[in-house]
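Data first, discussion second: the structure below is written as structure tokens.
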Amino acid sequence: MNEWQGLSEFIAVAETESFTRASQQLKISTAQVSRQIQWLEERLGVKLFYRTTRRVSLTEAGQLYYQSCRPLQDALHDAERSLSQLQSIPQGTLRVTAPVTYGERQLMPVLNRFLQEYPQLSLSCDLTNKKMDLVEGNYDIAIRLGRLENEDLVAHRLGTRRLYTCTSATYIDHHGSPDTLSELSRHSCLVGTLDYWRFRDSRGERMIRIHGRLRCNSGAALTDAAQRGLGIVQLPDYYVKPYLDDGSLREILPNFAPADEGIWAMYLPGRQLSPKVRILLDYLAAHL
């Protein structure tokens with residue numbers, strides 16, 4: 001049973017004192033209005049209107065019912081307007097997760113500017129190198145770097161990052177600089193989480209296995225080691241670009257540099273993006 005059935009017709013007739021004017025207001029037939037009122041009276045077991053050929057007026061029971069129902073309809077309309085407004089104006093809290101270093105150096109400065117420009121929005125950001133579950137963590141967006149695995153998520157490309165292979169002038173002075181990929185095996189490489197590096201030559205993408213005295217899962221630590229002349233490193237731009245610019249690191253093997261990797265915003269499929277998520281995606285794509 002639908003408790004709301006007939007309510008709109010009842011209120012319209014009560015306020016217009018006419019089945020015809022109520023039907024015009026609701027843009028339905030007079031017969032349909034009459035049927036809904038009859039159904040409502042039978043369900044309630046009371047007579048709601050006095051009907052004459054010239055006038056329709058509320059009974060005592062009808063007056064009581066109208067006084068109770070009018071605020072209910074107003075509240076329903078308010079709720080619908082609130083939802084409509086939510087779909088058109090960005091507001092509320094955004095939940096984002098991203099890798100730690102990229103988040104600290106690249107993402108958060110952009111998100112902080114975003115919050116300045118959209119003071120009606122709030123942000124909860126988890127920086128972690130764990131791949132977080134969007135459903136379990138109730139995240140709106142997850143930032144992923146590099147190649148994407150097969151995930152049941154929508155991927156929105158925000159930009160790219162470049163991998164640099166570099167070392168210090170001190171290392172080059174003592175050990176020389178490799179000119180070919182095969183020469184890497186004779187050099188001390190600073191190893192991260194993977195024991196191979198990516199390159200590209202005339203045959204396409206190459207995966208070169210590397211080795212060295214230092215292995216560490218921290219890009220910042222490997223960057224420091226490279227600056228100290230301990231070896232060669234391959235890292236994304238946000239680790240090493242400032243030191244390439246000031247000369248404390250030098251790029252090597254530039255002709256074999258791998259293709260740029262994607263920076264992605266991932267979100268759950270099968271749902272319409274809210275304005276707050278859409279405007280954040282557009283902002284990140286424009287500023288990253």
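Computed over heavy atoms, backbone and side chain alike; hydrogens, waters and symmetry mates excluded. A quick note: this is a predicted structure, and the numbers were derived from the prediction, not measured.
Between the SG atom in C69 and the CG atom in L64 there is a gap of 9.0 Å [rounded to 0.5 Å]. Atoms OG and CH2, from S34 and W39 in turn, are 14.5 Å apart once rounded to the nearest 0.5 Å. Once rounded to the nearest 0.5 Å, the distance linking NZ of K276 with OG1 of T93 reads 6.0 Å. Atom OH of Y118 is separated from atom CG of L280 by 9.5 Å, given to the nearest 0.5 angstrom. With rounding to the nearest 0.5 Å, the separation of CD1 in I232 from CG in L190 is 8.0 Å. Atom CZ of R70 is separated from atom CD of Q67 by 12.5 Å, given to the nearest 0.5 angstrom.
Crowding of E60 atom CD: a count of heavy atoms from other residues, nucleotides or ligands under 6.0 Å not exceeding 12. In the displayed structure, E117 atom CD is contacted under 6.0 Å by more than 12 heavy atoms of other residues, nucleotides or ligands. Other residues, nucleotides and ligands contribute over 12 non-hydrogen atoms within 6.0 Å of the CZ atom of R215.
Hydrophobic clustering keeps V240 apart from L194 (ILVMFWY residues linked when any side-chain heavy atoms are closer than 4.5 Å, directly or through intermediates). Hydrophobic clustering (ILVMFWY, side-chain heavy atoms < 4.5 Å, transitive): V191 and F199 are in one cluster. Residue I11 is grouped with residue L44 when hydrophobic side chains (ILVMFWY) are merged at heavy-atom distances under 4.5 angstrom, including chains of intermediate members. By the rule that hydrophobic residues join a cluster once side-chain heavy atoms approach within less than 4.5 Å of another member, L284 and V277 end up as members of one cluster. Using a 4.5 Å cut-off between side-chain heavy atoms of Ile, Leu, Val, Met, Phe, Trp and Tyr, with links allowed through other members, Y164 and I208 fall into different hydrophobic clusters.
Taking the side chain as every heavy atom from C-beta outward, F114 and L121 approach each other to under 4.5 Å. Side-chain contact check for Q5 versus L40: every heavy-atom pair is 4.5 Å or farther apart. Between N129 and N217 the shortest side-chain heavy-atom distance does not fall below 4.5 Å. Taking the side chain as every heavy atom from C-beta outward, Q32 and L26 never approach each other to under 4.5 Å. Side-chain contact between Q73 and S8 is present, with heavy atoms from C-beta onward closer than 4.5 Å. For the pair M108 and C125, the minimum side-chain heavy-atom distance is below 4.5 Å. Side-chain atoms of R198 and E261, non-hydrogen and from C-beta on, do get closer than 4.5 Å to each other.
A distance-only check finds no donor-acceptor pair linking the side chain of E251 to the backbone of L244 [under 3.5 Å]. Counting only distance, with no hydrogens or angles, the side chain of W264 and the backbone of V154 share no donor-acceptor pair below 3.5 Å. Of the possible polar contacts, none joining the T165 side chain to the Q234 backbone as a donor-acceptor pair under 3.5 Å is found. Q106 places no side-chain N or O within 3.5 Å of a backbone atom of Y102 that could act as its donor or acceptor partner. Listed for the H287 side chain is a donor-acceptor partner under 3.5 Å among the backbone atoms of Y283.
Across all their heavy atoms, W197 and C189 have their closest contact at CH2-CB, 3.6 Å. Taking every heavy atom of both residues into account, S23 and T30 meet most closely at OG-OG1, 3.2 Å. Taking each heavy atom of P99 and L127 in turn, the nearest pair found is O-CD2, 4.1 Å. Nearest heavy atoms, L163 versus P258: CB-CG, 3.9 Å. Of all heavy-atom pairs spanning S188 and Y171, the tightest one is N-OH, 3.1 Å. A pairwise comparison of heavy atoms in S185 and H211 identifies O-CE1, 3.2 Å as the closest pair.
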Test V46 against T59 for side chain to side chain contact (heavy atoms under 4.5 Å, CB included), laying out the working first. CA-CA 9 Å; V46 296; T59 65; over 6 Å; no
With side chain to side chain contact (heavy atoms under 4.5 Å, CB included) as the test, would you mind laying out the steps for R144 and L153 before giving the verdict? CA-CA 11 Å; R144 303 271 198 260; L153 298 173; 4.2 Å; yes
Does the side chain to side chain contact (heavy atoms under 4.5 Å, CB included) test come out yes or no for R206 and R200, once each step is laid out? CA-CA 5 Å; R206 299 282 302 280; R200 185 173 53 175; over 6 Å; no
Which is it for L94 and I141 under the side chain to side chain contact (heavy atoms under 4.5 Å, CB included) test, yes or no, and what are the steps along the way? CA-CA 8 Å; L94 287 155; I141 293 175; 5.7 Å; no
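A donor and an acceptor atom, one from each side chain of T16 and S18, are nowhere located under 3.5 Å apart. Side-chain N/O atoms of D126 and T128 include no donor and acceptor closer than 3.5 Å.
For residues 31-42, every residue pair satisfying the salt bridge (charged side-chain N to carboxylate O under 4.0 Å, His left out) rule, not counting sequence neighbours, is listed here: E41-R51.
In this structure, the ring of F49 has its center less than 6.0 angstrom from the ring center of F10.
Between Y238 and the options E104, R161, R105, a side chain to side chain donor-acceptor pair (under 3.5 Å) holds for only R161. When each of T223, L249, L235 is tested with C166 by the rule side-chain contact (heavy atoms from CB on, under 4.5 Å), just one qualifies, namely L249.
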